[in-house]
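Comments concern the structure below.
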Amino acid sequence: DNISRFAYIQSMKAGVTPGVTAGARSGVVDTILANGRIRPVPGEEIVAGAIGIRDGSVVALGAGPDDAGEADSRTVLYDLRGRTIIPAFIESHTHFHRGSVMSHLFLDFEALAPTSVEDVLGHVAVRAAAIPAGAWIQGDSLSAARLAQRRLPDRRELDRAAPGRPVLLRGIGKHVAIASSAALAAADITRDTQDPPGGRIERDATGEPTGLLHERAKLRLDSSRADTVVPAPSRDDRLAALRAGFRNLHRQGVTAIHEM
């Protein structure tokens, strides 16, 4: 519970635990973490039981709340109830840039974990409603083996979920891609397009592409090609994705990373 230091100290003397702020006195500490086991260096001995924080920085360590800096009625105290506090985590192996762009700008099917073709199409429809007209919808890490139908959606299903939109969904490992009619048209992939060496365009009984493109048959829908028609995220989009990624790291207690 969040309680003021003054109320906490008074209640400790009286043998009760308050739930609201009470009293006031001059001080400078914004937050106090008390009744904890503080380890400034993980693995080394406990050096304190309370921390005083001001403006987001630790300004005091002490045995108890009396030693954690001055406080007033606005000071918030967290009763750690014996929990251990260590410095924030450092993640030594990340693919942070790609992961941030994926989770912020693409449909990340690894995280979304759809269990059916309908689930996939539902995510596509939600994204179509949330982004500007004409913007591409992209997704990654889709797996037919994880869907009840044991297949991937085709272009006509994508067209119904996002009418007129270029949609490009990639399978795990990028060995296959699924494209909507608008995406196929942008890359000039038609019934007359021949399978390239090392690739296969799936076709229906009439010879029309179904939207499933294997390996090199992605052609200009392969974003790694110099002549790709797939738009790369803008600088502003990437910055927004990175900022969102940092906020997520901070929520998990990670404050430093090594990008691989």
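FYI, side chains are in, hydrogens and waters are out, and symmetry mates aren't considered; it's all heavy atoms of this structure. Residue indices begin at 1 and follow the sequence shown.
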Over 12 foreign heavy atoms within 6.0 Å of CZ, Arg150:
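It does: Arg150 CZ has more than 12 such atoms within range.
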Looking at Asp188, I want to see if its CG is surrounded by more than 12 non-hydrogen atoms of other residues, nucleotides or ligands under 6.0 Å.
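For Asp188, atom CG is not crowded (no more than 12 foreign heavy atoms under 6.0 Å).
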Given 3.5 Å as the limit, does a donor-acceptor pair link the side chain of [X] with the main chain of [Y], or not?
X: Ser100; Y: His97; result: no
X: Asp222; Y: Lys218; result: no
X: Glu110; Y: Ser141; result: no

Could you pull out the closest heavy-atom pair between [X] and [Y], with the gap in Å?
X: Leu158; Y: Ser180; answer: CD1-N, 3.8 Å
X: Arg127; Y: Leu107; answer: NH2-CD2, 3.9 Å
X: Glu215; Y: Gly199; answer: CB-CA, 4.4 Å

Tell me whether [X] is salt-bridged to [Y], with the criterion being a basic N under 4.0 Å from an acidic carboxylate O.
X: Arg191; Y: Asp204; answer: no
X: Asp227; Y: Arg225; answer: yes
X: Arg151; Y: Glu157; answer: yes

Under 3.5 Å, is there a donor on one side chain and an acceptor on the other for Thr210 and Asp154?
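No donor-acceptor contact under 3.5 Å links the two side chains.
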Ile38 side chain near Ile51 side chain, heavy-atom distance below 4.5 Å
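Yes, close enough: below the 4.5 Å cut-off.
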